[in-house]
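The block underneath contains the structure these notes are about, expressed in structure tokens.
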Amino acid sequence: MGHRLDPYEEAKAQLRESLDILGYPEEYFEALAVPERVIQLKLLVRMDDGSTRTFIGWRSQHNSALGPYKGGVRYHPDTTMNEVIALSMWMTWKNSLAGLPYGGGKGGIRVDPRRLSRGELERLSRVYFEALSEFVGVDVDIPAPDVYTNPQVMAWYYDQYSRIKKGSFFGVVTGKPVEIGGLRARVVSTGLGVAVAAREAASRVLGGIEGARVAVQGFGNVGYYASKFLSEMGASIVAVSDSRGGIYSSKGLAIDEVSKVKQATGSVVNYKGVEKLLASSEVLELDVDILVPAAIENVITEENAERIKARIIVEGANGPTTKEGEEILTKRGVLIVPDILANAGGVIMSHIEWVNNRMGGWISEDEAKNKLVEKVRTMFNSVWDYYESKIDRDKHNMRAAAYTIAVDRVVRAMKLRGWL
Ligand code: GLU
């Protein structure tokens, strides 16, 4: 780990692969790789001690052929403009693959939010959204949570925008708290989608999810709920990790207990009664059936791909596997359920929330969850069928199938609109 590969280069290499498979002309590459607009914002924030700090934030609006830009905003100390651009491109493919009427966008602020007070975080969030207010909108660009942002941050965004525009513009942001237009099912949704994708993959490769041994890297919103749903489905979560390290138990971890310890002490490593403690990177190389990277980009590379023992990798994070890492895994027959399929549950639930907001309606938690499960299952089936029937599996992984379907839909929309 510790790689700072440029995620935009990774995203472009993946795009290139799918355009080759589709046999599209070279001119399409740039037409799809270059974001429509990237906004960089200087954010001046008054700190609690009276000093002023300058932060930098971005919003990349990658492609709007299918509809308004849609994607989260991350707060992370290592975030760069190119990372945000790559993530916005991945959102374009994710939304396309899911059949949602959305283009792709992503935002980011270079900050470690764990080191800000609540008041500082609120002021930073409001300054960011105020600066963005002329570029977002219910039918223009719809942000949502991502790494280290949450419903509270979305509440500040929603409130700031609604103050400026003088109204209640629920649909300008998704992943909001339940009291102000959010859905109860949104917080669990990405993890639930990851678990459903893992179950579908396991039924094809392992003969079922029951008893499958799973390691999860990252124990934030996605990692925690993926672990929880997978253990409810009968899998055994033998290891989880966060930025401070990992824990292992051959009999399987009690996920809710681990979560309580993480809430109380800040890390899973303080959980007692585990067989051993691991470095975060070791969690990736355990002898398990399924590996779920659910943290950040570029953690599976050519340096560790050879040592990965899982038969299935389900990408809870965006962009966890590099191209070189993937080539090694493909040769070794490891199935990769790609991020744009595996973690689409979040944006699918965002769409349900947005539709609900726009109708001024309501939907029950179970109905929303059932819709999500059905959608992820259908997506998995169509990607799997394409992968089995049209993809050379010695050369390409399941990602190529997902990308090819997703990129083709965007190309067709661009052609219909006269852009290509
Ligand atoms: N941040 C999530 C993702 O990467 C969700 C985006 C959304 O709901 O708009 O897919």
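Whatever order the structure lists them in is the order used to number ligands and atoms, beginning at 1. Quick caveat: nothing in here was measured; it's all calculated off a predicted structure.
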For atom 6 (C) of ligand 1, grab the closest protein heavy atom and report residue, atom and distance to one decimal in Å. Gly72 N, 3.6 Å

Under 3.5 Å between some N or O of ligand 1 and some N or O of Lys70? yes

Could you check whether the rings of Tyr157 and Tyr128 sit parallel, tilted or perpendicular, using 30° and 60° as the cut-offs? tilted

When the aromatic ring centroids of Phe170 and Trp354 are compared, is their separation below 6.0 Å? no

Distance under 4.0 Å to a non-hydrogen atom of Ala144: what atoms of ligand 1 satisfy this? 7 (C), 8 (O), 9 (O)

Close side-chain approach of Ile56 and Leu41, heavy atoms under 4.5 Å: no

Can you pull out the closest protein heavy atom to atom 8 (O) of ligand 1? Residue, atom name and distance to 0.1 Å, please. Ser350 OG, 2.6 Å

With Lys390 as the cation and Tyr387 as the aromatic partner, state whether NZ or CZ is under 6.0 Å from the six-membered ring centre and within 45° of the axis. no

The option among Gly346, Ala344, Pro145 carrying the non-hydrogen atom nearest to atom 2 (C) of ligand 1 is Pro145

Protein heavy-atom partner closest to atom 5 (C) of ligand 1 - residue, atom, separation in Å: Arg186 NH2, 3.6 Å

Please tell me if the side chains of Thr54 and Val45 come closer than 4.5 Å, counting only heavy atoms from C-beta onward. no

Would you mind listing which atoms of ligand 1 come within a distance below 4.0 Å of any non-hydrogen atom of Lys106? 1 (N), 3 (C), 4 (O)

For Asn318, which part has a heavy atom under 4.0 Å from ligand 1: side chain, backbone, both, or neither? side chain

Under a 3.5 Å threshold, yes or no: a donor from one side chain and an acceptor from the other, between Gln217 and Ser280? no

So if I count the atoms of ligand 1 from 1 in the order they appear, which ones are less than 4.0 Å from some heavy atom of Lys94? 3 (C), 4 (O), 10 (O)

So the atoms of ligand 1 within less than 4.0 Å of a heavy atom of Met91 turn out to be 3 (C), 4 (O), 6 (C), 10 (O)

Can you tell me if Gly71 has a non-hydrogen atom under 4.0 Å from ligand 1? yes

Under a plain distance cut-off of 3.5 Å, with no hydrogens placed, do Trp90 and Gln14 share a side-chain donor-acceptor pair? yes

For this output row, return yes or no: ring centroids of Tyr148 and Tyr75 closer than 6.0 angstrom. no

